[in-house]
Protein chains: 2
Amino acid sequence: MSPALNLTWSAKPLSAEEAATVAIRDAILSGRLVPGQRLAQAELAAQLGISRIPLRDALRRLDGDLVTIDGRRGCWVTSLEVDEIEELYEIRIVLESRCVSLAVAGLSDQEALHLFGLSEQMDLMQSDAHSGYSTRRAFYAELYSHANRPRMRGLILQLRDNVGRYHVLKDVRHSVDAHEQLRRHIMDRNPDGAAEVVVAHLEETRDDLLATMAQDEHVPTLATEGS
Amino acid sequence: MSPALNLTWSAKPLSAEEAATVAIRDAILSGRLVPGQRLAQAELAAQLGISRIPLRDALRRLDGDLVTIDGRRGCWVTSLEVDEIEELYEIRIVLESRCVSLAVAGLSDQEALHLFGLSEQMDLMQSDAHSGYSTRRAFYAELYSHANRPRMRGLILQLRDNVGRYHVLKDVRHSVDAHEQLRRHIMDRNPDGAAEVVVAHLEETRDDLLATMAQDEHVPTLATEGS
DNA sequence: GTTGCCGATGTTGTATACAATATTCAGATA
DNA sequence: TATCTGAATATTGTATACAACATCGGCAAC
């Protein structure tokens with residue numbers, strides 16, 4: 001199956017544009033760049049140590065997703081309204097219920113066991129918000145990859161990132177509970193059960209987030225300007 | 001509902017990047033640029049009468065969708081395999097069935113009548129493949145806008161374009177029939193019926209396309225090079 | 001006090017020039 | 001003949017410079 005030589009081509013030189021894309025995406029997902037924050041090309045390029053051209057390429061790549069570009073008016077970190085968040089969750093529910101169902105249905109014994117272990121690890125090591133998020137993300141990325149639907153998986157992960165940056169790690173109890181159920185359905189190869197758990201979990205998460213937003217709507221987050 | 005003054009800000013000056021984006025997208029959707037065709041930056045920029053910078057911005061914007069960029073190896077018109085087309089249709093089915101259901105459920109009498117007329121017009125004037133496609137696209141864009149799900153609508157139209165450029169106008173009978181049924185469900189405000197029609201229509205269209213591709217797989221289309 | 005009109009300033013868009021890398025093809029060698 | 005090597009060529013990535021536009025401030029007029 002696997003080739004004799006499995007060089008992952010580690011540490012291949014990233015282009016300036018790729019590096020900038022990763023850096024900006026990471027900054028947005030980790031909350032260092034907050035929704036609505038202006039992204040001035042000259043300033044960002046200077047901070048990253050590159051010229052404006054590859055920076056613009058990176059921004060174009062993130063446009064419509066994590067970044068909003070409005071012609072000559074400039075660009076900002078995309079800010080989501082309540083309506084948009086509800087819609088994104090609706091799309092996630094439709095896609096993820098299908099995807100998890102397909103994934104669980106096609107799992108081999110070995111793969112199911114692997115996912116089971118991954119899920120337990122994930123719930124055991126509860127670290128800070130950011131690494132917790134990326135750990136959960138990695139689990140779902142792995143799970144959904146078994147659905148053999150690369151485009152759907154990509155869409156889902158994208159939507160997840162889009163909405164995930166608004167969370168403040170409030171849903172830990174829900175998550176642990178949902179993951180326990182999900183593990184059972186994975187071992188039982190129960191696609192419908194898994195889909196139900198995922199939908200219920202998404203709805204809970206969504207409601208948590210909306211409640212938090214309604215509560216904090218009069219306390220807008222402010223970016224701490226870099227020196 | 002509609003504002004008293006409805007200035008559409010017509011004929012605002014497009015930037016070179018926007019113009020290039022529209023031009024390239026249109027060329028791909030109309031088939032002048034075929035899947036797999038190389039997109040050389042210098043050549044394209046010269047043809048469009050702009051420099052490489054705004055052209056690159058346009059290509060980055062279409063990347064991952066209609067265009068595939070592979071680092072320094074260059075970029076091509078995205079070419080879809082059979083598996084990918086099947087997957088895109090699967091996503092369309094999931095999203096569009098939900099979207100049409102929501103749209104039909106919320107239709108006012110006036111809106112339903114308007115869509116009815118639009119649909120009839122669409123079936124009456126059957127012109128060439130390209131304008132036929134864009135007419136149908138406009139109808140669904142209008143229909144889905146009534147679902148009040150802008151992101152979902154955008155995704156659907158994007159998926160539609162992605163897969164639509166492979167069609168060769170073979171599904172006219174199916175379409176006319178499906179549209180007739182859809183009109184009835186629109187007038188009856190029958191969301192479930194409309195969703196069923198859309199799903200069935202998508203499945204038929206998908207199977208038509210796959211059959212055509214299986215038939216023509218040994219006759220690869222070749223681009224007619226511009227002078 | 002409010003509105004409208006410039007001018008100064010800053011930011012983005014675009015062209016040109018150059019650097020870095022991929023591709024290609026000729027030629028040598030097994 | 002097939003394959004490998006390496007220089008020539010072509011194409012993409014990036015930096016700099018400049019042009020076009022938007023924003024923001026003050027000032028005048030109503």
Side-chain angles (χ1 to χ4, degrees), chain A residues 5 7 9-25 27-28 33-34 36-79 223 225-227, chain B residues 5 7 9-25 27-28 33 36-79 223 225-226:
Chain A
L5 256 52
L7 258 289
W9 230 273
S10 55
K12 72 174 166 184
L14 290 172
S15 70
E17 173 204 330
E18 292 169 317
T21 304
V22 172
I24 297 172
R25 172 181 289 131
I28 294 177
L33 294 176
V34 300
Q37 181 166 352
R38 182 94 197 270
L39 298 174
Q41 296 181 2
E43 184 186 342
L44 258 184
Q47 287 181 1
L48 294 169
I50 60 178
S51 108
R52 277 180 53 218
I53 299 294
L55 178 78
R56 284 168 54 81
D57 291 343
L59 291 175
R60 291 296 182 285
R61 180 155 303 189
L62 296 169
D63 180 37
D65 189 34
L66 262 36
V67 162
T68 302
I69 302 180
D70 183 20
R72 283 198 167 86
R73 301 257 312 266
C75 64
W76 310 264
V77 178
T78 298
S79 184
E225 280 290 327
S227 65
Chain B
L5 257 52
L7 256 291
W9 229 272
S10 53
K12 70 173 165 184
L14 290 172
S15 70
E17 174 203 330
E18 291 169 319
T21 304
V22 171
I24 296 172
R25 174 181 287 133
I28 294 177
L33 294 175
Q37 181 167 352
R38 181 95 197 270
L39 299 175
Q41 295 180 3
E43 183 185 342
L44 259 184
Q47 287 180 1
L48 293 169
I50 61 179
S51 109
R52 277 179 53 218
I53 299 294
L55 177 78
R56 282 168 55 82
D57 291 343
L59 290 176
R60 292 297 183 284
R61 180 155 301 188
L62 296 170
D63 179 38
D65 190 33
L66 263 36
V67 163
T68 302
I69 302 180
D70 183 19
R72 281 197 168 87
R73 302 256 311 266
C75 65
W76 310 265
V77 178
T78 298
S79 184
E225 280 291 326

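Letters go in sequence order (proteins before strands), and every chain restarts at 1.
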I need the CD-P distance between B:Q41 and C:dT16, as an integer number of Å.
15 Å
Taking atom C1' of C:dA20 as reference, at what distance in whole Å does atom CD1 of A:I50 sit?
16 Å
Given atom CZ of A:R52 and atom C1' of C:dT14, what is their separation to the nearest angstrom?
10 Å
When you measure from the side chain of B:D63 to the backbone of B:I69, do you find a donor-acceptor pair of N or O atoms at a distance under 3.5 Å?
yes
Spacing between A:W76 atom CH2 and D:dT23 atom P, to the nearest angstrom
8 Å
Let me know the distance between CG of A:L39 and C1' of C:dT12, rounded to the nearest Å.
13 Å
Interface residues of residues 53-70 of chain B with DNA chain D (non-hydrogen, below 4.0 angstrom)
B:I53, B:R56, B:R60
Can you tell if the side chain of A:D65 reaches within under 4.5 Å of the side chain of A:T78, non-hydrogen atoms only?
no
When rounded to the nearest 0.5 angstrom, what distance separates CG in B:L59 from OG1 in B:T68?
11.0 Å
Output, in order, the C-alpha distance, side-chain angles, deciding distance and verdict of side chain to side chain contact (heavy atoms under 4.5 Å, CB included) for A:I24 and A:L66.
CA-CA 9 Å; A:I24 297 172; A:L66 262 36; over 6 Å; no
Rounded to the nearest Å, what distance is computed from the CD atom of residue A:E17 to the P atom of nucleotide C:dA20?
18 Å
Nearest 0.5 Å, please: how far is OG1 in A:T21 from CD in A:E18?
7.5 Å
Comparing A:G49 and A:R72 on DNA chain D - which has the more 5′ nearest nucleotide
A:G49
If only side-chain N and O atoms of A:R73 are considered, is one of them under 4.0 Å from the OP1 or OP2 phosphate oxygen of D:dT23?
yes
Please report the interatomic distance CG(B:D57) to CZ(A:R60), rounded to the nearest 0.5 Å.
4.5 Å
Nearest-angstrom distance from the residue atom CG of B:L48 to P of C:dT14
12 Å
